[in-house]
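Below: the structure, in structure tokens.
Chain letters run A, B, ... following the sequence lines, proteins first, then strands; residues in each count from 1.
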Amino acid sequence: MNTPDKVRVRIAPSPTGNCHVGTARTALYNMLFARKYGGKFVLRIDDTDLQRSTKESEEGVLEGLRWLNIKWDEGPDVGGPYAPYRQMERQHTYRQVAEQLMAQGDAYHCYCTPEELEAERKAALAEGRPPRYSGKCARLTDEERARLDASGAKRVVRLKVPETTLSFVDLVRGEQHKNMAERGDFVIIKSDGSPVYNFATVVDEHLMEITHVFRAVEHLTNTFDQLAVYHAMGWAPPQFGHLTLMLNPDRTKISKRAGAVYIGEFREMGYLPEALVNFLALLGWNPGTDQEIFSMDQLVEAFSVETLSKSDAIFDIKKLDWFNGVYIRSLTVADLASRVKPFMEKAGFDVSDQARLEAAVSLITDRINKLTEAPDMIGFLFTKEIEISSDAFLGKGKIGPDQAREALARSREALAALKEWEHETVESALRGLADQMRWKAGDLLMQVRIAITGRRVTPPLFESLVLLGKDESLRRIGQALAVLGD
RNA sequence: GCUCCCAUGGUCUAGAGGCCUAGGACACCGCCCUUUCAAGGCGGCAACACGGGUUCGAAUCCCGUUGGGAGCGCCA
């Protein structure tokens, strides 16, 4: 791989309103590469032909990338020396290049209708031939063209594709060849005057002086079409590297039906951006060591084109969950609290007391893998009304209603007698009581746990009691007794 | 149909001819710890798609088969 003095890479998403994980991963790799070699990372919006593309839909993509801490040096929002960065704003450039190609005799107008072409394609497929444009419009005489133009026939511009074999060295897959004889002349400018992707992208890459193009494998075979344009224009192509696909568990291309695919969805599901980045980085690339946890800076340091993988990878959300848990546990309490906060608010809890929130959060760092799990875990500390059903107390048939009632009544008594409401005092009171009653401490604590939280799975009990406060704790035990019908 | 790409446990992968009795991680299972649940520690289950070559020796190289994928658009 050659790394020119100034590396320039790019990501060219379509403004679809959402940032797809695939786009995010490709953007990540490009950014890592740029930073690794001290180059520039360009964000360009590929909005040709997307009538519905709006400012908002573009913003959705940028927002997803920003959330992941993927930053670009040039783009529609930040500008740059190669502006504009939206293809819609570069239309005249594409047309100019197409004009030049026509003037050189490397491109021509084609008047075939979509219906004709479709029929030809079908016929070819039916006969087992690769679908290929016949090139008949290239043979039109000047008079025929004049007549067609006068009649107002729609026309596109096609590139004359030489019948030779084109080659390039793919940065991840090595040498690639394709015999263009079977390709046929393809469209570069549509009848509405807008450029086709394979054409626009070449013009942009060249004018923006992109040196390396890392993109998904679906573009591997497109590369030859693009090469044809580079050759016709006498431009030196950049180096290409084709990245693997991300797959659903059934090995089909990752899609909505199998789960989340947009960055915003992962955010809502309670994933941390740094965890998603780490996970995505390792899905299609590996550091060549056993290290799995990487900060963004470490990724930049470790990234290498040589270890980009060649085979597609299944997106395993279970592994993402693990990464997320690791990152949650690595956060400071204050940081975790601020990230948990919006999820608590969304669940309807008043978490304006920052100190209380932090105290509560510190109890669950080891207990959650996703931020969305927090409200369930610590919600009882931020509300007056917890729901308890009498069934909750009857653990595995071991403890009957009478026993539960006795346990709670005596617990309330023992706790009420406490002068100091602290972890140690609360703990010894309850453990002492369990001894007296000849209960296993765990059984007694479970009764109290349910009484104050309404659940069997909760943060540690003594800490919870302390945070709840004596009055509220006693009140809830009383309330539980009422539920049990004392 | 044609062209091209890919192929190590359920999943992500290490492995660039002998270091492989195939390593790590997730998931799963078990044990320990333990006030629930986790987290943590320890241990376990589990793979070179198949068939031919080449070689003293192949997960690693070659060919074929099979399986999966991409492209062949006035989509990007």
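Within 4.0 Å of A/Val156, counting heavy atoms only, lies at least one base atom of the nucleic acid. Counting non-hydrogen atoms under 4.0 angstrom, A/Gly184 reaches nothing in the nucleic acid. As judged by a 4.0 angstrom heavy-atom cut-off over every strand, A/Ala441 is placed among residues making no nucleic acid contact. Counting any heavy atom pair closer than 4.0 Å across all strands shown, A/Arg449 reaches a base atom. In this structure, A/Glu463 reaches the bases: a heavy-atom distance under 4.0 Å links it to at least one base atom across the strands shown. Nucleic acid contact class of A/Gln176 (heavy atoms, under 4.0 Å, all strands): sugar-phosphate only. Residue A/Pro249 is out of contact with every strand shown, counting any heavy-atom pair closer than 4.0 Å. No contact: A/Arg455 has no heavy atom under 4.0 Å from any strand. Using a 4.0 Å heavy-atom criterion, one finds that A/Phe323 contacts no nucleic acid atom at all.
Using a 4.0 Å cut-off, no side-chain N or O of A/Arg183 falls inside it from OP1 or OP2 of B/C2. Note on A/Lys190: a side-chain N or O is less than 4.0 Å away from OP1 or OP2 of B/C75. For A/Arg456 and B/C37, the shortest distance from a side-chain N or O to OP1 or OP2 is not below 4.0 Å. In terms of phosphate contacts, A/Arg329 brings a side-chain nitrogen or oxygen within less than 4.0 Å of OP1 or OP2 of B/G40. For the OP1/OP2 pair of B/A14 and a distance below 4.0 Å, the side-chain nitrogens and oxygens of A/Asn286 include at least one atom meeting the criterion. When the side-chain nitrogen and oxygen atoms of A/Ser309 are compared with OP1 and OP2 of B/U13, one or more of them lie within a distance under 4.0 Å.
A/Glu413 has no carboxylate O lying under 4.0 Å from a charged side-chain N of A/Arg410, or vice versa, which leaves the two without a salt bridge. A salt bridge links A/Arg339 with A/Asp335: the distance from a Lys NZ or Arg NE/NH1/NH2 to an Asp or Glu carboxylate oxygen falls below 4.0 Å. A/Arg251 and A/Asp312 are not joined by a salt bridge, as no carboxylate oxygen comes within less than 4.0 angstrom of a charged side-chain nitrogen. Using a cut-off of 4.0 Å between Lys/Arg side-chain N and Asp/Glu carboxylate O, A/Glu99 and A/Arg95 are scored as not salt-bridged.
If you check B/C50 for Watson-Crick or wobble pairing at under 3.5 angstrom, you find it paired to B/G64. Of all nucleotides present, only B/C29 satisfies the Watson-Crick or G-U wobble test against B/G43, with each distance under 3.5 Å. Pairing for B/A16 is absent, with no Watson-Crick or G-U wobble pair whose two atom distances lie under 3.5 Å. With a 3.5 Å ceiling on both atom-pair distances, the Watson-Crick or G-U wobble partner of B/C72 is B/G1.
Heavy atoms of other residues, nucleotides or ligands lying less than 6.0 angstrom from NZ of A/Lys256 number more than 12.
Here the separation of B/A14 from B/U54, taken at their P atoms, is 30 Å to the nearest Å. Comparing B/U55 with B/C62, their P atoms are spaced 16 Å from each other, to the whole Å. Comparing the P positions of B/G53 and B/U11 gives an interatomic distance of 30 Å, to the nearest angstrom. Across the P atoms, B/C63 and B/U21 are found 28 Å apart, a figure rounded to whole Å. Comparing the same atom, P, in B/G10 and in B/U66 gives a spacing of 23 Å after rounding to whole Å. Annotation: B/C42 and B/C48 have their C1' atoms spaced 28 Å apart (nearest Å). The gap from the P atom of B/G44 to that of B/A22 amounts to 14 Å, rounded to the nearest Å. B/G17 and B/U60: their C1' atoms are spaced 6 Å apart (whole Å).
Set against B/G73, B/U36, B/G68, the side chain of A/Pro460 has B/U36 as its closest nucleotide. Distances from the side chain of A/Met446 to the nucleotides B/G71, B/U36, B/U35 place B/U36 closest. The side chain of A/Leu283 lies closest to B/C12 when the candidates are B/U35, B/A7, B/C12. Ranking B/A7, B/C74, B/U3 by closeness to the A/Ser311 side chain, first place goes to B/A7. Proximity note for A/Leu245 (side chain, C-beta onward) versus B/G69, B/U3, B/C6: the nearest is B/G69. Listed candidates were B/C26, B/A76, B/U35. Nearest to the side chain of A/His219 is B/A76. Checked against B/U36, B/G68, B/C74, the side chain of A/Val457 finds its nearest nucleotide in B/U36. In the set B/U8, B/U36, B/A76, the nucleotide with an atom closest to the side chain of A/Thr458 is B/U36.
No hydrogens or angles considered: nothing links the side chains of A/Asp47 and A/Gln87 as a donor-acceptor pair under 3.5 Å. Judged by distance alone, the side chains of A/Asn248 and A/Ser255 do bring a donor and an acceptor atom under 3.5 Å apart.
Between the NZ atom of A/Lys440 and the C1' atom of B/U34 there is a distance of 12 Å, given to the nearest Å. Regarding A/Asp225, its CG atom lies at a distance of 15 Å from the P atom of B/C4, rounded to whole Å. Remark: P of B/G68 and CG of A/Leu220 are 20 Å apart, rounded to the nearest angstrom. Rounding to whole angstrom units, CD of residue A/Glu373 and P of B/U36 are separated by 19 Å. Between the CD1 atom of A/Ile314 and the P atom of B/G68 there is a distance of 13 Å, rounded to whole Å. Atom CZ of A/Phe186 is separated from atom C1' of B/C74 by 13 Å (rounded to the nearest Å). Per the geometry, CG belonging to A/Leu171 stands 16 Å off C1' belonging to B/C5, to the nearest Å. The distance between atom CZ of A/Arg215 and atom P of B/G71, rounded to the nearest whole Å, is 13 Å.
One can find a donor-acceptor pair under 3.5 Å joining the base of B/A76 and the side-chain atoms of A/Asn222. Under 3.5 Å, the side chain of A/Arg173 and the base of B/C5 form no donor-acceptor pair of N or O atoms. Contact annotation: side chain of A/Lys319 to base of B/A25, donor-acceptor pair present below 3.5 Å. Below the 3.5 angstrom threshold, one finds a donor paired with an acceptor across the side chain of A/Ser191 and the base of B/C74.
For the pair A/Glu182 and A/Glu292, both in contact range of RNA chain B, the more 5′-proximal nearest nucleotide belongs to A/Glu182. Positionally, the nearest nucleotide of RNA chain B for A/Leu445 lies more toward the 5' end than for the other of A/Thr252 and A/Leu445.
At distances below 3.5 Å, not a single donor-acceptor pair connects side-chain atoms of A/Lys160 with backbone N or O atoms of A/Ala138.
Taking the six-membered ring for Trp and thresholds of 30 and 60 degrees, A/Phe266 and A/Phe315 have ring planes inclined between 30 and 60 degrees apart. A/Phe303 and A/Tyr29 have tilted rings, their planes meeting at an angle from 30° to 60° on a 0 to 90° scale.
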